[in-house]
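Each remark here refers to the structure printed beneath this line.
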Number of protein chains: 2
Amino acid sequence: MTTPASQHSKISSDSALTAESLAQDHLLLQQQICFPLYAVSNLVVKSYGPLLKPLGLTYPQYLVMLLLWQHQSLAVGELGKQLHLDSGTLTPLLKRMENNGLIKRQRSPADERRVLVSLTTAGMELRQAATAVPQAMACKLAADPQWLLQLQDNLNLLIGRLSQDDAGSGN
Amino acid sequence: MTTPASQHSKISSDSALTAESLAQDHLLLQQQICFPLYAVSNLVVKSYGPLLKPLGLTYPQYLVMLLLWQHQSLAVGELGKQLHLDSGTLTPLLKRMENNGLIKRQRSPADERRVLVSLTTAGMELRQAATAVPQAMACKLAADPQWLLQLQDNLNLLIGRLSQDDAGSGN
DNA sequence: CTAAATTAAGTTGTGTGCAATGTAAAATCG
DNA sequence: CGATTTTACATTGCACACAACTTAATTTAG
């Protein structure tokens, strides 16, 4: 730790590294694959903001609603498996949604450990207003459907690999 | 793990909607393009965790270090423009990095509004230990370089579109 | 059938991420 | 040159996201 790292021969006024070491340096923001992923994700969540605010939803809450509009009732763990979120994220999120009157949370009678999440009438009725959201977002992305489908496939591939890698996380 | 294609066949027992409304319903998690993006981003940040923890860095902090290993000194606003993060995120993040002894923050003499961020000796020396990170991450992604490059291009396209859309955000 | 192991949620603490607002310095305008 | 506007950060408040841990219920092993 005491060895002064490669600060020999700083050439330009701006670079801390030599031309050689920069030539194929993997420690460059421009060379990172994960950074654009991270940046796009943040931008996407931000883009959803104005679309979801009138519905009283955040983006993760919208994802929960998507699942509940499909499935009458889901346990917290099932939501977490689908959304790749753990109970530390979901429990407070679901409590906020319950306080907002969108969902109900009740212990499963069959298995008292499980908490079943289902929609209230207000939650079901919100679906109508939400139908406009995917269109509006598609417009913001301004992308060819084919291109989006391929991107989606590629991302799902990565989800598969990273989820496997993540196997032993206590949910 | 249910395959996306199989969703349409098991409507009756589980669905809150009719077969017709599901047939081309954009309000399905499986039909969302942004969700895999969001999920991959979370998984990626989580995957970086074990690689960066020995360096005393979080993923966003690692991104700041990448920029500072390239550029001797950057203002908060320049970091924010590169990383698509605002001062509300960066200011506390940079303070934590300063407390950890990795960076210095000092007002620009030329323009007292700007805060210039630069590396300490410890911050520069951390670069050596970080050289192993990109390789380790590439291994986790287990992906073809060509394939990754194309994915990167596609994501950068989206960054362009969503950043433009985001034009009027007070940084 | 009981003790140990496992599972499902919840809790706590830390670190983002951003909208909205505040503050001070610099630039611009009249 | 003085007033107004703009710019650059900082602050506040809220909502994730996750590691680590706790609690309670179920399952499994003996």
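Numbered from 1 within each chain, the chains take letters A, B, ... in sequence-line order.
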Rounded to the nearest 0.5 angstrom, the CG-CG distance for Leu148(A) and Leu158(B) is 7.0 Å
Nearest-nucleotide comparison on DNA chain C, the residue closer to the 5′ end among Leu116(A) and Thr89(B) | Leu116(A)
Please tell me which of Lys53(A) and Arg96(B) maps to the more 5' nucleotide of DNA chain C, matching each residue to the nucleotide holding its nearest heavy atom.
-> Arg96(B)
Among [options], which nucleotide has an atom closest to any side-chain atom of [X]?
X	options	answer
Arg114(A)	dA9(C), dC18(D), dG17(C)	dA9(C)
Asp86(B)	dA9(C), dA17(D), dC18(C)	dC18(C)
Val115(B)	dG15(C), dG17(C), dA10(D)	dA10(D)
Pro60(A)	dG17(C), dA17(D), dT16(C)	dA17(D)

Round to a whole Å and report the spacing from [atom1] of [X] to [atom2] of [N].
X	N	atom1	atom2	result
Leu162(B)	dC18(C)	CG	P	12 Å
Lys95(A)	dC16(D)	NZ	P	14 Å
Leu90(A)	dC18(D)	CG	P	10 Å
Lys46(A)	dA15(D)	NZ	C1'	15 Å
Tyr38(B)	dC18(D)	OH	P	7 Å
Leu93(B)	dT11(D)	CG	P	14 Å
Leu85(A)	dG10(C)	CG	P	14 Å
Leu94(A)	dT11(C)	CG	C1'	15 Å

Any pair counted as side chain to side chain donor-acceptor pair (under 3.5 Å), so long as it reaches residues 143-153 of chain A, sequence neighbours left out | Trp147(A)-Asn154(B)
So, Glu112(A) and Arg107(A), do they make that salt bridge, N to O below 4.0 Å?
-> no
Beyond-backbone contact of His71(A) with Glu78(A), side-chain heavy atoms, under 4.5 angstrom = no
Judged by atom type as modelled, is there a donor-acceptor pair below 3.5 Å linking the side chain of Gln32(B) to the main-chain atoms of His26(B)?
-> yes
Please state whether the rings of Tyr48(B) and Tyr62(B) are parallel, tilted or perpendicular, taking 30° and 60° as the class boundaries.
-> tilted
Do the side-chain N or O atoms of Tyr59(A) get closer than 4.0 angstrom to the phosphate oxygens (OP1, OP2) of dA15(D)?
-> no
For dC9(D), does OP1 or OP2 lie under 4.0 Å from any side-chain N or O of Ser87(B)?
-> no
Got a sec? Which of residues 98-113 of chain A come in under 4.0 Å of DNA chain C, heavy atoms?
-> Arg105(A), Arg107(A), Arg113(A)
Checking all strands, does Thr58(B) fall into the base, sugar-phosphate, or nothing category for heavy-atom contacts under 4.0 angstrom?
-> sugar-phosphate
Counterpart residues, side-chain hydrogen bond (donor to acceptor under 3.5 Å, both in side chains), relative to Asn156(B) (two or more places apart) | none
